[in-house]
Amino acid sequence: DHIMDIMMGAQPKSDDIGLMRQVALSRQEFLPYANNDWFERWTKNFYDYTTYGIMEETPYKLKKEFPTLNNLLLIREYSISMYPYGDPVEPAINYIVPNTISEHPVIKRLKMLMCRAMAIQNDFASIEKELAVETETLNIILVIKNQYRVSLEEAVSEAMRIHDNYIKEFVELENNLPDFGPEQKNIQRFVHNMALMISGLGAWYHKGSSTRYKTPGEFPKPEYGLSL
C-alpha cells in the first residue's frame, strides 16, 4: 500500500528502498502532463498488476503447476503489466482520457484486448528460453500443450489463433468506436496509439537485438525461496 500512496503523492520515508524513491520521481515527471484522475487510474492499475497478476501467478510457480487456459488468460492480462504501463500513452500524446470515457465498456474492452495480445506476444518471444526453465508453467503455449495433450506445434497454432482473434476484435472495435462527441478525434488518436503499443512491442521482440527472451541465463532466474 505504501507504494500506492507514493504514486498518489506521498513522500518516501528516509529508510525506503530505492524503488520507492524512483516511483516518487516518476510521479514528479508525470505531473506536468497528467491530472489526478489519471494518477488514480495509474495507481489502481499498478495495484491490480501486483494483486491479480503477480500474486496470482506465484502459487503456480511455487507448486510448478499449470493453470487452466482460461485462468491463465485472466492472470496474464494483469501480470503482463500493460494496464499501468499502457497508461502513459495518455500523457505521451498530451491527452488525458476523461473518466467517463475511460470507463466506457468499449474502451475497457480495448485495453483488455491490448493486454492479452501483448501477453501472448511475450509468450511467443520467450518460449525458447522458457522451455528450459522448470518453474515456467505460465506460458500460453505450454499451458495449451499440457491441458489438451497436444504437440508443441499444435499448441503454437492454437495460441496464435487466440492472439489473432484478439487482434481482429481490437481492429473491429477501433474501426467502429461509439460516438464520444467532441472527444471523438482525441479518442480515435488514443486508441490508435494503443494499437501502436501492440505492433511496437511485436517489432521490438522480433526485430530487436535483446537476448533476454532467447538465451537461458540472460535474464535472472526467479528464486521463490519456498518449496511446497
Side-chain angles (χ1 to χ4, degrees), residues 1-8 10 12-13 16-27 30 38-89 108-109 111-144 146-147 159 162-163 166 194 197-198 201 204-205 210 212-213 216-228:
D1 289 343
H2 182 42
I3 195 169
M4 314 301 167
D5 292 338
I6 292 173
M7 293 173 81
M8 287 303 299
K13 299 174 183 177
D16 275 343
I17 61 174
L19 173 63
M20 301 299 181
R21 290 189 290 276
Q22 185 60 50
V23 169
L25 178 60
S26 295
R27 176 183 166 82
F30 280 128
W38 182 88
F39 279 110
E40 288 180 356
R41 291 202 298 268
W42 182 51
T43 302
K44 180 185 181 300
N45 285 337
F46 188 84
Y47 174 86
D48 289 349
Y49 155 64
T50 56
T51 304
Y52 306 124
I54 300 302
M55 290 173 66
E56 291 292 329
E57 277 191 348
T58 302
Y60 291 104
K61 293 188 175 185
L62 288 173
K63 297 176 184 178
K64 300 177 184 176
E65 290 181 356
F66 288 97
T68 66
L69 176 59
N70 284 331
N71 281 342
L72 173 82
L73 292 171
L74 281 168
I75 293 168
R76 292 287 281 145
E77 177 184 334
Y78 292 96
S79 70
I80 193 63
S81 75
M82 284 314 304
Y83 279 118
Y85 282 97
D87 286 328
V89 165
K108 292 173 75 171
R109 182 71 178 178
K111 289 180 179 180
M112 181 277 278
L113 294 167
M114 176 188 74
C115 291
R116 291 197 177 193
M118 293 173 87
I120 297 175
Q121 285 181 331
N122 177 272
D123 286 355
F124 269 97
S126 59
I127 184 62
E128 209 177 309
K129 178 192 71 176
E130 291 177 349
L131 281 168
V133 180
E134 188 181 7
T135 56
E136 280 302 337
T137 59
L138 292 157
N139 185 299
I140 189 173
I141 297 168
L142 302 180
V143 168
I144 291 171
N146 176 76
Q147 183 170 332
I162 295 169
H163 170 274
Y166 286 148
M194 287 173 60
M197 294 279 285
I198 301 172
L201 182 66
W204 184 75
Y205 281 142
S210 174
R212 64 173 283 185
Y213 294 100
E218 287 295 302
F219 193 67
K221 183 178 178 180
E223 296 180 7
Y224 297 100
L226 294 173
S227 58
L228 300 179

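Residue indices begin at 1 and follow the sequence shown. Note that these values count all heavy atoms, side chains included, but never hydrogens, waters or copies made by symmetry.
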query: In Å and rounded to the nearest 0.5 Å, what is the CD1 to CZ distance from Ile141 to Phe124?
result: 4.5 Å
message: Return the CG to CD distance between Asn70 and Gln147, rounded to the nearest 0.5 Å.
response: 7.5 Å
- prompt: Are Tyr166 and Ile162 close enough that some pair of their side-chain heavy atoms sits under 4.5 Å apart?
  reply: yes
Working for side-chain contact (heavy atoms from CB on, under 4.5 Å), residues His2 and Asp16: CA-CA 10 Å; His2 182 42; Asp16 275 343; 2.8 Å; yes
query: Do Leu19 and Ile3 have side-chain heavy atoms sitting under 4.5 Å apart?
result: yes
task: Using a 4.5 Å cut-off on heavy atoms from C-beta on, say whether the side chain of Glu77 contacts that of Tyr83.
output: yes
message: Are there over 12 heavy-atom neighbours, none belonging to Phe30, within less than 6.0 Å of that residue's CZ?
response: yes
task: Please check if the side chain of Trp42 supplies one atom and the backbone of Pro88 the other of a donor-acceptor pair under 3.5 Å.
output: no
- prompt: Mind checking what makes side-chain contact (heavy atoms from CB on, under 4.5 Å) contact with Asn71, not counting sequence neighbours?
  reply: Tyr60, Pro67, Thr68
field: Shortest non-hydrogen contact between Arg27 and Ile6, atoms and distance
entry: CD-O, 3.5 Å
query: CZ of Phe66: more than 12 outside heavy atoms within 6.0 angstrom?
result: yes
field: Worked check of side-chain contact (heavy atoms from CB on, under 4.5 Å) between Ile198 and Gln121
entry: CA-CA 9 Å; Ile198 301 172; Gln121 285 181 331; 3.7 Å; yes
- prompt: Are Glu40 and Thr43 side-chain neighbours, meaning at least one heavy-atom pair lies under 4.5 Å?
  reply: no
field: Derivation of the side-chain contact (heavy atoms from CB on, under 4.5 Å) call for Leu113 and Arg116
entry: CA-CA 5 Å; Leu113 294 167; Arg116 291 197 177 193; 6.0 Å; no
task: Drop me the distance from Lys13's NZ to Met20's CE, to the nearest 0.5 angstrom.
output: 9.0 Å
- request: Determine whether Val23 and Met7 make a side-chain contact, defined as any pair of heavy atoms from C-beta on separated by less than 4.5 Å.
  value: yes
Thr51 to Glu56 - nearest heavy-atom pair and separation: O-CG, 3.8 Å
query: Looking at Met82 and Met118, what are the two nearest heavy atoms and their distance?
result: CE-CE, 3.6 Å
message: According to side-chain contact (heavy atoms from CB on, under 4.5 Å), who are the partners of Glu57, at least two apart in sequence or on a separate chain?
response: Ile54, Lys61, Ile75, Arg76, Ser79, Leu138
field: Close side-chain approach of Ile140 to Ile144, heavy-atom, < 4.5 Å
entry: yes
query: Nearest 0.5 Å, what's the CG-OG distance between Leu131 and Ser126?
result: 9.5 Å
Backbone of Asn139 reached by a side-chain donor or acceptor of Asp123 within 3.5 Å: no
task: Report yes or no: does Thr137 contribute a side-chain atom to a donor-acceptor pair with the main-chain N or O of Lys64 at less than 3.5 Å?
output: no
message: Can you tell me how far apart CE (Met4) and CZ (Phe46) are? Round to the nearest 0.5 Å.
response: 5.5 Å
- request: Apply side-chain contact (heavy atoms from CB on, under 4.5 Å) to Asp48 and list each qualifying residue two or more places apart in sequence or on a separate chain.
  value: Lys44, Asn45, Tyr52, Tyr78
